[in-house]
Peer 1: 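Below is one structure. I have some questions about it.
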Protein chains: 2
Amino acid sequence: MNTQLKKGVLELCVLSLLKSGDKYGYELAESISKEIAISEGTIYPILRRLRDEGCFEVYLRESSSGPPRKYYKITPHGLEIQEQLFSEWSKLTARVSNLIGGN
Amino acid sequence: MNTQLKKGVLELCVLSLLKSGDKYGYELAESISKEIAISEGTIYPILRRLRDEGCFEVYLRESSSGPPRKYYKITPHGLEIQEQLFSEWSKLTARVSNLIGGN
DNA sequence: TTTAGTACCTTGTATTATACAGTAGTTTGT
DNA sequence: ACAAACTACTGTATAATACAAGGTACTAAA
(Lines give C-alpha, C1' and ligand atoms only; values in the text may rest on other atoms or scores of the structure.)
Protein backbone atom coordinates (compact mmCIF):
# COMPACT_ATOMS: atom_id res chain seq x y z
CA MET A 1 0.00 0.00 0.00
CA ASN A 2 1.11 3.51 -0.82
CA THR A 3 3.43 4.65 1.93
CA GLN A 4 2.66 8.31 1.72
CA LEU A 5 -1.06 7.91 2.25
CA LYS A 6 -0.39 6.44 5.66
CA LYS A 7 1.44 9.47 6.95
CA GLY A 8 -0.26 10.74 10.07
CA VAL A 9 -2.89 8.02 9.94
CA LEU A 10 -1.02 5.47 12.00
CA GLU A 11 -0.74 8.01 14.76
CA LEU A 12 -4.50 8.43 14.71
CA CYS A 13 -4.96 4.65 14.75
CA VAL A 14 -2.69 4.18 17.72
CA LEU A 15 -4.35 6.91 19.74
CA SER A 16 -7.81 5.69 18.84
CA LEU A 17 -7.08 2.09 19.74
CA LEU A 18 -5.80 3.19 23.11
CA LYS A 19 -9.00 5.00 23.91
CA SER A 20 -10.66 1.66 24.57
CA GLY A 21 -7.99 0.41 26.97
CA ASP A 22 -4.30 0.09 27.60
CA LYS A 23 -2.34 -1.95 25.07
CA TYR A 24 1.27 -2.94 24.48
CA GLY A 25 3.30 -2.20 21.42
CA TYR A 26 3.31 -5.58 19.79
CA GLU A 27 -0.43 -5.85 20.31
CA LEU A 28 -0.98 -2.50 18.60
CA ALA A 29 1.20 -3.57 15.70
CA GLU A 30 -0.83 -6.76 15.32
CA SER A 31 -4.18 -4.99 15.47
CA ILE A 32 -3.21 -2.39 12.95
CA SER A 33 -1.60 -4.95 10.66
CA LYS A 34 -4.93 -6.67 10.25
CA GLU A 35 -6.24 -3.67 8.38
CA ILE A 36 -3.21 -1.74 7.22
CA ALA A 37 0.07 -3.25 6.06
CA ILE A 38 2.85 -2.07 8.32
CA SER A 39 6.17 -3.55 9.18
CA GLU A 40 6.41 -4.29 12.83
CA GLY A 41 9.24 -1.87 13.48
CA THR A 42 7.09 1.01 12.32
CA ILE A 43 4.99 1.20 15.42
CA TYR A 44 7.70 1.82 17.98
CA PRO A 45 8.96 5.16 16.73
CA ILE A 46 5.36 6.36 16.78
CA LEU A 47 4.88 5.20 20.34
CA ARG A 48 8.07 6.83 21.47
CA ARG A 49 7.21 10.12 19.82
CA LEU A 50 3.72 10.24 21.26
CA ARG A 51 5.02 9.33 24.67
CA ASP A 52 7.60 12.10 24.47
CA GLU A 53 4.78 14.47 23.63
CA GLY A 54 2.90 13.42 26.74
CA CYS A 55 0.16 11.40 25.10
CA PHE A 56 0.86 8.27 27.10
CA GLU A 57 1.90 6.92 30.41
CA VAL A 58 3.83 3.70 30.26
CA TYR A 59 4.15 0.71 32.54
CA LEU A 60 5.63 -2.76 32.35
CA ARG A 61 3.69 -5.94 32.99
CA GLU A 62 5.04 -9.45 32.88
CA SER A 63 3.71 -11.86 30.33
CA SER A 64 3.33 -15.63 30.54
CA SER A 65 4.23 -16.01 26.87
CA GLY A 66 7.34 -13.95 26.39
CA PRO A 67 9.27 -10.97 27.68
CA PRO A 68 7.56 -8.25 29.74
CA ARG A 69 5.11 -6.08 27.87
CA LYS A 70 5.24 -2.33 27.76
CA TYR A 71 1.73 -1.00 28.14
CA TYR A 72 0.63 2.40 26.92
CA LYS A 73 -2.08 4.30 28.74
CA ILE A 74 -3.50 7.33 27.03
CA THR A 75 -3.46 10.62 28.97
CA PRO A 76 -5.99 13.45 28.85
CA HIS A 77 -3.59 15.28 26.59
CA GLY A 78 -3.44 12.22 24.37
CA LEU A 79 -7.22 12.24 24.17
CA GLU A 80 -7.17 15.84 23.03
CA ILE A 81 -4.67 15.06 20.34
CA GLN A 82 -6.73 12.09 19.24
CA GLU A 83 -9.86 14.21 18.93
CA GLN A 84 -8.05 16.86 17.00
CA LEU A 85 -6.47 14.38 14.65
CA PHE A 86 -9.72 12.56 14.13
CA SER A 87 -11.42 15.81 13.31
CA GLU A 88 -8.77 16.69 10.75
CA TRP A 89 -8.90 13.25 9.24
CA SER A 90 -12.69 13.47 8.91
CA LYS A 91 -12.47 16.88 7.31
CA LEU A 92 -9.80 15.74 4.94
CA THR A 93 -11.68 12.69 3.71
CA ALA A 94 -14.82 14.77 3.20
CA ARG A 95 -12.96 17.43 1.30
CA VAL A 96 -11.15 14.99 -0.89
CA SER A 97 -14.52 13.50 -1.74
CA ASN A 98 -15.80 16.94 -2.70
CA LEU A 99 -12.79 17.56 -4.83
CA ILE A 100 -12.61 14.34 -6.74
CA GLY A 101 -16.29 13.55 -6.81
CA GLY A 102 -17.10 10.06 -7.99
CA ASN A 103 -13.86 9.74 -9.87
CA MET B 1 -4.26 21.35 8.62
CA ASN B 2 -2.00 18.48 9.57
CA THR B 3 0.71 18.30 6.95
CA GLN B 4 1.29 14.58 7.17
CA LEU B 5 -2.26 13.59 6.47
CA LYS B 6 -2.03 15.21 3.07
CA LYS B 7 0.85 13.08 1.90
CA GLY B 8 -0.10 11.33 -1.29
CA VAL B 9 -3.54 12.89 -1.32
CA LEU B 10 -2.64 15.96 -3.31
CA GLU B 11 -1.33 13.72 -6.04
CA LEU B 12 -4.67 11.96 -6.15
CA CYS B 13 -6.48 15.28 -6.26
CA VAL B 14 -4.40 16.59 -9.13
CA LEU B 15 -4.85 13.46 -11.18
CA SER B 16 -8.57 13.32 -10.47
CA LEU B 17 -9.15 16.95 -11.38
CA LEU B 18 -7.39 16.43 -14.67
CA LYS B 19 -9.68 13.59 -15.60
CA SER B 20 -12.39 16.09 -16.39
CA GLY B 21 -10.24 18.21 -18.67
CA ASP B 22 -6.89 19.88 -19.11
CA LYS B 23 -5.93 22.47 -16.52
CA TYR B 24 -2.96 24.67 -15.77
CA GLY B 25 -0.96 24.73 -12.58
CA TYR B 26 -2.28 27.87 -11.00
CA GLU B 27 -5.82 26.76 -11.71
CA LEU B 28 -5.22 23.44 -10.00
CA ALA B 29 -3.72 25.19 -7.00
CA GLU B 30 -6.78 27.43 -6.73
CA SER B 31 -9.25 24.56 -7.06
CA ILE B 32 -7.54 22.47 -4.47
CA SER B 33 -7.10 25.41 -2.11
CA LYS B 34 -10.85 25.80 -1.88
CA GLU B 35 -11.04 22.50 -0.05
CA ILE B 36 -7.58 21.80 1.27
CA ALA B 37 -5.16 24.41 2.59
CA ILE B 38 -2.03 24.36 0.47
CA SER B 39 0.53 26.98 -0.27
CA GLU B 40 0.69 27.74 -3.92
CA GLY B 41 4.24 26.56 -4.45
CA THR B 42 3.27 23.11 -3.31
CA ILE B 43 1.57 22.14 -6.52
CA TYR B 44 4.46 22.54 -8.93
CA PRO B 45 6.77 19.89 -7.56
CA ILE B 46 3.85 17.48 -7.77
CA LEU B 47 3.16 18.39 -11.38
CA ARG B 48 6.78 18.03 -12.33
CA ARG B 49 7.07 14.67 -10.68
CA LEU B 50 3.95 13.29 -12.28
CA ARG B 51 4.98 14.62 -15.64
CA ASP B 52 8.38 12.99 -15.28
CA GLU B 53 6.57 9.74 -14.56
CA GLY B 54 4.60 10.04 -17.78
CA CYS B 55 1.23 10.93 -16.29
CA PHE B 56 0.86 14.12 -18.30
CA GLU B 57 1.49 15.77 -21.56
CA VAL B 58 2.11 19.46 -21.34
CA TYR B 59 1.44 22.40 -23.64
CA LEU B 60 1.55 26.17 -23.39
CA ARG B 61 -1.38 28.42 -24.16
CA GLU B 62 -1.33 32.19 -24.00
CA SER B 63 -3.59 33.93 -21.57
CA SER B 64 -5.19 37.34 -21.90
CA SER B 65 -4.79 37.97 -18.20
CA GLY B 66 -1.19 37.13 -17.45
CA PRO B 67 1.74 35.06 -18.57
CA PRO B 68 1.24 31.93 -20.70
CA ARG B 69 -0.39 29.02 -18.96
CA LYS B 70 1.09 25.59 -18.85
CA TYR B 71 -1.66 23.06 -19.37
CA TYR B 72 -1.50 19.49 -18.18
CA LYS B 73 -3.27 16.76 -20.12
CA ILE B 74 -3.56 13.40 -18.43
CA THR B 75 -2.24 10.37 -20.32
CA PRO B 76 -3.58 6.81 -20.30
CA HIS B 77 -0.79 5.98 -17.92
CA GLY B 78 -1.85 8.86 -15.73
CA LEU B 79 -5.36 7.46 -15.70
CA GLU B 80 -4.06 4.13 -14.51
CA ILE B 81 -2.14 5.76 -11.72
CA GLN B 82 -5.19 7.75 -10.74
CA GLU B 83 -7.35 4.64 -10.54
CA GLN B 84 -4.77 2.82 -8.53
CA LEU B 85 -4.31 5.70 -6.14
CA PHE B 86 -8.03 6.20 -5.78
CA SER B 87 -8.46 2.54 -4.99
CA GLU B 88 -5.79 2.68 -2.33
CA TRP B 89 -7.24 5.81 -0.86
CA SER B 90 -10.69 4.22 -0.68
CA LYS B 91 -9.31 1.12 0.95
CA LEU B 92 -7.35 3.14 3.44
CA THR B 93 -10.28 5.27 4.54
CA ALA B 94 -12.45 2.18 4.90
CA ARG B 95 -9.84 0.38 6.93
CA VAL B 96 -9.16 3.29 9.18
CA SER B 97 -12.88 3.42 9.86
CA ASN B 98 -12.85 -0.25 10.77
CA LEU B 99 -9.93 0.27 13.05
CA ILE B 100 -11.02 3.31 14.95
CA GLY B 101 -14.74 2.66 14.85
CA GLY B 102 -16.83 5.60 16.00
CA ASN B 103 -14.01 7.09 18.01
C1' DT C 1 20.34 -30.26 25.61
C1' DT C 2 20.22 -27.83 21.75
C1' DT C 3 17.56 -25.57 18.44
C1' DA C 4 13.89 -23.23 16.34
C1' DG C 5 10.21 -20.32 16.66
C1' DT C 6 7.44 -16.81 18.48
C1' DA C 7 6.72 -12.85 21.49
C1' DC C 8 8.40 -8.38 22.35
C1' DC C 9 11.17 -4.05 22.09
C1' DT C 10 14.71 -0.84 19.93
C1' DT C 11 17.44 1.87 16.74
C1' DG C 12 19.64 3.78 12.59
C1' DT C 13 19.54 4.97 7.77
C1' DA C 14 16.83 5.96 3.67
C1' DT C 15 12.90 7.69 1.25
C1' DT C 16 9.75 11.04 -0.09
C1' DA C 17 5.81 14.44 -0.08
C1' DT C 18 4.54 18.71 1.53
C1' DA C 19 5.71 23.65 3.76
C1' DC C 20 7.52 27.87 3.12
C1' DA C 21 9.75 31.61 1.29
C1' DG C 22 11.58 33.71 -2.33
C1' DT C 23 12.31 34.86 -7.55
C1' DA C 24 10.57 36.27 -11.79
C1' DG C 25 7.78 37.60 -15.75
C1' DT C 26 2.98 39.41 -17.73
C1' DT C 27 -1.14 41.92 -17.86
C1' DT C 28 -4.56 45.32 -16.16
C1' DG C 29 -5.99 49.25 -13.76
C1' DT C 30 -4.82 53.64 -11.44
C1' DA D 1 4.92 54.80 -13.02
C1' DC D 2 3.03 51.72 -9.80
C1' DA D 3 0.32 48.26 -7.58
C1' DA D 4 -2.06 44.18 -7.77
C1' DA D 5 -3.49 40.02 -9.58
C1' DC D 6 -2.00 36.19 -12.54
C1' DT D 7 1.23 32.46 -13.63
C1' DA D 8 5.35 29.52 -13.15
C1' DC D 9 9.44 27.83 -10.70
C1' DT D 10 13.05 26.39 -7.16
C1' DG D 11 15.75 25.33 -2.96
C1' DT D 12 15.97 24.21 1.80
C1' DA D 13 13.64 22.21 5.73
C1' DT D 14 10.53 19.10 8.09
C1' DA D 15 8.71 14.90 9.44
C1' DA D 16 6.44 10.17 9.15
C1' DT D 17 6.93 5.70 7.51
C1' DA D 18 9.97 1.59 5.40
C1' DC D 19 13.25 -1.55 6.12
C1' DA D 20 16.77 -4.10 8.11
C1' DA D 21 19.13 -5.51 11.79
C1' DG D 22 19.80 -6.66 16.51
C1' DG D 23 18.62 -8.09 21.10
C1' DT D 24 16.09 -10.42 25.03
C1' DA D 25 12.68 -13.81 26.90
C1' DC D 26 10.09 -17.73 26.83
C1' DT D 27 8.24 -22.32 24.83
C1' DA D 28 8.21 -26.49 22.42
C1' DA D 29 10.19 -29.77 19.50
C1' DA D 30 14.19 -32.56 18.08
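All values reported here derive from a predicted model rather than from experimental measurement. Each chain gets a letter, A, B and so on, in the order its sequence line appears, and its residues count up from 1.
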Peer 1: Think A:Lys6 has a side-chain N or O under 4.0 angstrom from the OP1 or OP2 of D:dA18?
Peer 2: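 So the side-chain polar atoms of A:Lys6 do come within 4.0 Å of the phosphate oxygens OP1 or OP2 of D:dA18, strictly under.
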Peer 1: Distance check: side-chain N/O of B:Arg48 vs OP1/OP2 of D:dA8, anything under 4.0 Å?
Peer 2: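 For B:Arg48, the contact criterion (side-chain N or O under 4.0 Å from OP1 or OP2 of D:dA8) is not met.
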Peer 1: Quick one: does B:Phe56's side chain get under 4.5 Å of B:Lys73's, heavy atoms only?
Peer 2: no
Peer 1: In Å and rounded to the nearest 0.5 Å, what is the CD to OG1 distance from A:Glu88 to B:Thr3?
Peer 2: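 Taking CD in A:Glu88 and OG1 in B:Thr3, the distance rounds to 9.5 Å.
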Peer 1: Which part of the nucleic acid, if any, lies within contact of B:Gly66, taking any heavy atom under 4.0 Å across all strands shown: a base, the sugar-phosphate backbone alone, or nothing?
Peer 2: base
Peer 1: Taking CD1 from B:Ile43 and P from C:dT18, how many angstroms apart are they, rounded to a whole number?
Peer 2: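 The distance from CD1 of B:Ile43 to P of C:dT18 comes to 8 Å, rounded to the nearest Å.
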Peer 1: Flag the pair B:Ser16 / A:Leu99 as yes when at least one side-chain heavy-atom distance between them is below 4.5 Å, and no otherwise.
Peer 2: no
Peer 1: Nearest nucleotide by nearest heavy atom, which residue falls closer to the 5' end of DNA chain D, B:Tyr72 or B:Glu30?
Peer 2: B:Glu30
Peer 1: Determine: side-chain N/O of A:Arg49 to OP1/OP2 of D:dT17, distance under 4.0 Å, yes or no.
Peer 2: yes
Peer 1: When the distance from NZ of B:Lys7 to P of C:dT16 is rounded to whole Å, what number comes out?
Peer 2: 12 Å
Peer 1: Under 3.5 Å, is there a donor-acceptor pair between the A:Ser90 and A:Ser87 side chains?
Peer 2: no
Peer 1: Would you classify B:Val58 as touching base, sugar-phosphate or nothing, given that sugar-phosphate means primed atoms plus P, OP1 and OP2, and contacts are heavy atoms under 4.0 Å?
Peer 2: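 Touches nothing.
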Peer 1: Closest nucleotide of DNA chain C for B:Pro67 versus for B:Leu10: which of these residues is on the 5' side?
Peer 2: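 Between the two, 5'-proximity favours B:Leu10.
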Peer 1: Is there a side-chain contact between B:Met1 and A:Arg95 in this structure, where contact means two heavy atoms from C-beta onward sitting under 4.5 Å apart?
Peer 2: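 Answer yes - side chains close enough.
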Peer 1: Ignoring backbone atoms, establish whether B:Tyr24 has a side-chain N or O less than 4.0 Å from OP1 or OP2 of D:dA8.
Peer 2: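 Answer no for this pair, as no side-chain N or O of B:Tyr24 is under 4.0 Å from OP1 or OP2.
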Peer 1: To the nearest angstrom, how far is A:Gln4 atom CD from C:dT15 atom P?
Peer 2: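 My rounded result for the distance is 13 Å.
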Peer 1: Please report the distance, rounded to the nearest Å, between CG in B:Leu50 and P in D:dC9.
Peer 2: 14 Å
Peer 1: Rounded to whole Å, please give me the gap between CD in A:Glu11 and P in D:dA15.
Peer 2: 12 Å
Peer 1: D:dT7 phosphate, OP1 or OP2: any side-chain N/O from B:Ser63 under 4.0 angstrom?
Peer 2: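 Yes, because at least one side-chain N or O of B:Ser63 sits under 4.0 Å from OP1 or OP2 of D:dT7.
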Peer 1: Using only side-chain N and O atoms of B:Lys70, determine if any of them is under 4.0 Å from OP1 or OP2 of D:dC9.
Peer 2: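 Yes.
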Peer 1: Between P on D:dA16 and CD on A:Glu88, what's the gap in Å once rounded to a whole number?
Peer 2: 13 Å
Peer 1: So, is A:Tyr26 near the phosphate of C:dC9, with a side-chain N or O under 4.0 Å from OP1 or OP2?
Peer 2: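 For C:dC9, neither OP1 nor OP2 has a side-chain N or O of A:Tyr26 closer than 4.0 Å.
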Peer 1: In Å and rounded to the nearest 0.5 Å, what is the CD1 to OH distance from A:Ile43 to A:Tyr24?
Peer 2: 13.5 Å
Peer 1: If only side-chain N and O atoms of A:Tyr44 are considered, is one of them under 4.0 Å from the OP1 or OP2 phosphate oxygen of C:dC9?
Peer 2: yes
Peer 1: Determine the contact category for B:Gly41: base if any of its heavy atoms lies under 4.0 Å from a base atom, sugar-phosphate if only primed atoms, P, OP1 or OP2 are that close, otherwise nothing.
Peer 2: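 Base contact.
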Peer 1: Hey, is the side chain of A:Arg69 poking within less than 4.0 Å of OP1 or OP2 on D:dA25, counting only N and O atoms?
Peer 2: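 Answer no for this pair, as no side-chain N or O of A:Arg69 is under 4.0 Å from OP1 or OP2.
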Peer 1: Return the value, rounded to whole Å, for the distance between atom CG of B:Leu5 and atom C1' of D:dT14.
Peer 2: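 In whole Å, D:dT14 C1' lies 15 Å from B:Leu5 CG.
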Peer 1: D:dT14 P sits how many Å from B:Asn2 CG, rounded?
Peer 2: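 Spelled out: CG on B:Asn2 to P on D:dT14 is 17 Å.
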Peer 1: With respect to the phosphate group of D:dC26, does any side-chain polar atom (N or O) of A:Ser65 fall under 4.0 Å of OP1 or OP2?
Peer 2: no
Peer 1: Looking for any heavy atom pair under 4.0 Å, which part of the strands does B:Glu27 touch: base, sugar-phosphate only, or nothing?
Peer 2: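 If one applies the 4.0 Å heavy-atom cut-off, B:Glu27 turns out to touch nothing in the nucleic acid.
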Peer 1: Go nucleotide by nucleotide along DNA chain D from the 5' end; which of B:Leu60 and A:Gly8 gets its closest nucleotide reached first?
Peer 2: B:Leu60
Peer 1: At under 4.0 Å between heavy atoms, what does B:Ser39 touch on the DNA or RNA strands: base, sugar-phosphate, or nothing?
Peer 2: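 It contacts base atoms.
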